[in-house]
2 protein chains.
Amino acid sequence: MVGYKEVVPRRPMTRRVTLEEVARAAGVSRATVSRVVNGVASVDENIRHAVEEAISDTGYLPNLAARSLVTRRADAVALVLPDEDRVLGDPFFGRVVRGVMTVTAPAGLHLVLTTTGVGTGEQVVSDLSRGRLDGVILIHTSRNDPLPGRLVDGHHPVVLSARPPSPLPITYVDVHQISGAALAAQHLRHVGRTRLATIAGPQDTPAGQDRLRGFLAAAGTGTPWADGDFTMAGGETAMTRLLADHPGVDGVFVASDLMARGALPVLRRAGRRVPEDVAVVGFDDSSAALDCDPPLTTVRQPTEDMAAEMARLLVRQIEHPDTPVAAVIFQPTLVVRHST
Amino acid sequence: MVGYKEVVPRRPMTRRVTLEEVARAAGVSRATVSRVVNGVASVDENIRHAVEEAISDTGYLPNLAARSLVTRRADAVALVLPDEDRVLGDPFFGRVVRGVMTVTAPAGLHLVLTTTGVGTGEQVVSDLSRGRLDGVILIHTSRNDPLPGRLVDGHHPVVLSARPPSPLPITYVDVHQISGAALAAQHLRHVGRTRLATIAGPQDTPAGQDRLRGFLAAAGTGTPWADGDFTMAGGETAMTRLLADHPGVDGVFVASDLMARGALPVLRRAGRRVPEDVAVVGFDDSSAALDCDPPLTTVRQPTEDMAAEMARLLVRQIEHPDTPVAAVIFQPTLVVRHST
DNA sequence: TTGTAAGCGTTATCAG
DNA sequence: CTGATAACGCTTACAA
C-alpha cells in the first residue's frame, strides 16, 4: 500500500437550526412548528404558511435523535445475514436487499446490515432494547440459532425468511416448497421422463423435508431418492449412489442448485448426456444454476416480492406491536433452461 | 401468493430501565452511573463496583437516542452503492461489505445500506444534517454525480472508492491503476507474447485513462488500442475493430473483465484460440472473469483491505473533523487463470 | 471524587 | 387552534 496525503484543511461546520429558532422566526410557538413539520391537520392555513416559509428560510431540519428520544422509534431495521462468505456475493442477496429497500426506503427506514457472527445476536438484541433498532429481518437462520427464540421472548418485531426449524410463534415468509417440488415432477413428466428419482435435502430442515415430500407425492411414493446435505459434495455423493442403485433413471429432481452442480459431472462421467439421457431440475435459481453445464432448469422463488413482503410484515409489527404472528406463503415458478 | 395467519397474541413489552433507577438502586447520582457506563477513570473502586452490580441487577441498557441527542453522534455510517442491478449481486460488493464491517462492527457503528437513486443524494445529505448519519462511504460514484461535491461543501465526513472524476478535495482510496496495467503487460510478455494490443476503457474516466496510459508505458507507446466503454457490447465492438486492423495480435489487455467477456467470443468466431493463439488479460477480477470461457486471467484489487481502509479513513474524519483530505493507493495483483 | 443542575431538540398533554 | 410546560434519558460543566 502506497499512501500520500494532500493537506487541505476543512472549514468549520455550519451551525444547526432548531425548532426554537423557526418558531421565533415565524412568531409562533415550538409546538405549532412541530405540528406543521409533522403534518398535523389542525393548523390554521395562514400560520402553516408562515411556518413553512420560516422553515425554508432558516433551512431547518429536525434533529432525529431528539425525535427518537420522545417517540421511542429508531426508524431503522436490521437485515441479518448468515456470514458465510458466499451469501454476500450471491445474486439472491442482491434481490433480497432490493426487495426490502422498496419498502424501507419510502418509509424513511434505515436498513442496517449485519451478519450472524460471534456476539452478533447479542448486538442485535441489545440494539433493539436500547432503541437503536425497531425490528429485524432474519435471513436463512440456521437450525440451532438461538436468535429467533430470543427475539420472540423479548417481544421484538421480527420476520424470518423461511419457516423456522423448530416451531416458534414467529412471523415468516416462505415459498410453497411442496408445490415447487411438484412443479419439478410435472415438468419432468412433461418432457417425457418416466423413471424419476430425486436427491433430497437434509431431512432435519423444513425445506429438505417439504421438497422431498412434495416430489414423492407428485412422482409416486415408490420414487427412489438419496439424501444430500445441500452442498455440492453431497450432491455428488448422492448422485453416485442413485446411479449405482437405479441406472435406468432418466429424470432427476435435485433439491438445491448447489447439489445439482455437484451431481451433473457424475452423470457426465457415467456417460449420461444431460438432458438427452437424463433430465435434471434444480431448486433455488441461485447463481449455481447458471454455473451449471448445461444451465440448469430450476424452481425459482419470487425473492424480491418475498423480501418486500418481509419488510411490510415487519413494519406492521413495528407500528402495531400486537399484530398476530403470521406466515405468508408464495408460489414458486419453474425456470426452464437447458438441463431438461 | 397464498397467505394464512395463526393467531398468537404477543405479551406486552417489558418496561425500560433508566439511568435514574440504576442510580437509585446503587445509592448514587445519575452522573456517577453515567461515568461508570462510559468508563470514566475517576470513579472510586467501591462505588464503581456497586454501580456495576446495580446495572446488571436491573438489566440496564443505555438509551442511545438520548445519548445521541447530547453527544451529537449517530454512530451510524452509510454505504452508498450505485443502484445498477448487477452491483448488489457481484462478489465485489460482498467483499466491500465485509471489509467495511471489519472496522464498523467492532466500533459499534451501524452500517446503513443505500443505493444511488432519484432523491437518494438528498436523503443522505439530509440524514447527515439531521444527525442520523455520521459519515458516508461512496462506492463507484459516476462522473456527474453531484453528491461528492455536496458532501464536501457540507463538510460531511466522506470517503470515495476511487479517485473522483473531477478534482475535488475529497478523501479516497484507489488501486494503482497504472501498475495494474503494467502488470498485465509484463505478464503477457512473460508468456511469450510480442504483438500486444489493448482495449481501453472510456477515456473520460480516471480508471480508463490510467489503465491505458499504464499499458502503453509498459508495452510501448506504439501499441495499438481501441477504446470501449466498460460494457460487454463495447468490448465486442472494440475487439472486432482491433482484429480487423491488427490481425497478427497475440496478446491483449482488456481494461475490464466485462469488456473481456464481450471480446472473447469475437476472437473465437475469428478462429483464434484463447490462450493458444491470443492471450487475454482482464481487469477487476469481477464475477465476469469467472463467467468467461476460458476463465480470465485478470488484475485484482485488494477489495476487502481497501474497503476496511475506507472505513478507517471515515472513522478518523468523524472523530477528528479537521483531518486533512487524504488518498490511499493500493497495489493490485495479477490473478492467473486460463486465458493466458 | 461526587452530586447538582443545566441542557440536548423534540413531542405530547392540557389549558386557554 | 394555539401555547405553556412537562417529559424523553442521557452527558457534562460546575460546585462542593
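Proteins get letters first, then strands, A, B, ... in listed order; numbering begins at 1 in each. Note that the structure is predicted; figures quoted are calculated from it, not measured.
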> According to a strict under-4.0 Å criterion, is A:Thr32 in side-chain N/O contact with OP1 or OP2 of D:dG3?
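For D:dG3, OP1/OP2 do have a side-chain N/O of A:Thr32 under 4.0 Å.
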> Under 4.0 Å, counting only non-hydrogen atoms across every strand here, what does A:Leu64 touch: a base, just sugar-phosphate, or nothing?
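The answer is nothing, as A:Leu64 stays clear of every strand by at least 4.0 Å.
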> On DNA chain C, does the nearest nucleotide to A:Ala65 precede the nearest nucleotide to A:Arg35 from the 5' side, or the other way round? Give the residue.
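Nearest nucleotide further toward 5': that of A:Ala65.
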> How many whole angstroms separate atom CG of B:Asp75 from atom C1' of D:dT11?
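To the nearest whole Å, that distance equals 14 Å.
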> B:Arg24 CZ to D:dG9 C1': how many Å, rounded?
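So the CZ-C1' distance, B:Arg24 to D:dG9, works out to 13 Å.
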> Does C:dT11 have OP1 or OP2 under 4.0 Å away from a side-chain N or O of A:Thr71?
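No, outside the criterion.
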> Measure the distance from CG on B:Asn38 to P on D:dT11 and round it to the nearest whole Å.
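That distance rounds to 5 Å.
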> D:dG9 C1' sits how many Å from B:Tyr60 OH, rounded?
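Rounding to the nearest Å, OH of B:Tyr60 and C1' of D:dG9 are 7 Å apart.
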> Which nucleotide in the list C:dT1, D:dC10, D:dA4 gets nearest to the side chain of A:Ser29?
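Nearest nucleotide to the side chain: D:dA4.
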> Taking only N and O in the side chain of A:Asn63, is any of them less than 4.0 Å away from OP1 or OP2 of C:dC8?
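So the side chain of A:Asn63 is outside the cut-off, no N or O lying under 4.0 Å from OP1 or OP2 of C:dC8.
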> Select base, sugar-phosphate, or nothing to describe what A:Val37 touches, counting heavy atoms under 4.0 Å on all strands.
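No contact.
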> For C:dG9, take OP1 and OP2 only and decide whether either is under 4.0 Å from a side-chain N or O of B:Arg72.
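For C:dG9, OP1 or OP2 has a side-chain N or O of B:Arg72 closer than 4.0 Å.
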> Calculate the interatomic distance between A:Glu21 atom CD and C:dC8 atom C1'; express it in whole Å.
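Rounded to the whole Å, the gap is 13 Å.
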> Are any of the side-chain nitrogens in B:Glu20 or B:Arg30 under 4.0 Å away from the carboxylate oxygens of its partner?
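Answer for the salt bridge query: yes.
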> B:Thr18 side chain: which of D:dC10, C:dT11, D:dG3 is closest?
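Looking only at heavy atoms from C-beta outward on B:Thr18, the closest nucleotide is D:dC10.
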> Let me confirm one number: the CG-CG distance from B:Leu314 to B:Leu109, rounded to the nearest 0.5 Å.
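Here the rounded value is 8.0 Å.
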> Think A:Ser42 has a side-chain N or O under 4.0 angstrom from the OP1 or OP2 of D:dC1?
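For D:dC1, OP1/OP2 do have a side-chain N/O of A:Ser42 under 4.0 Å.
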> Keeping the roles fixed (side chain from B:His155, backbone from B:Asp153), state whether a donor-acceptor pair exists under 3.5 Å.
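Answer holds: yes.
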> Atom CG of A:Leu19 and atom P of C:dG7: how far apart are they, to the nearest Å?
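It works out to 18 Å between those atoms.
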> Counting only side-chain heavy atoms from C-beta out, which of D:dC10, C:dT11, D:dA4 sits nearest to A:Val70?
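Closest of the options to the side chain of A:Val70: C:dT11.
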> To the nearest Å, how far apart are B:Leu69 CG and C:dT11 C1'?
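Roughly 12 Å, once rounded to whole Å.
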> Nearest 0.5 Å, what's the CZ-CG distance between B:Arg67 and B:Asp75?
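Spacing of CZ (B:Arg67) from CG (B:Asp75) equals 8.0 Å.
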> Let me know which of A:Thr171, A:Asp174, A:Val173, A:Asp305 forms a side-chain contact (heavy atoms from CB on, under 4.5 Å) with A:Val328.
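Exactly one pass, corresponding to A:Val173.
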> Could you give the CZ-to-P distance, from B:Arg30 to D:dC10, as a whole number of Å?
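B:Arg30 atom CZ is separated from D:dC10 atom P by 9 Å.
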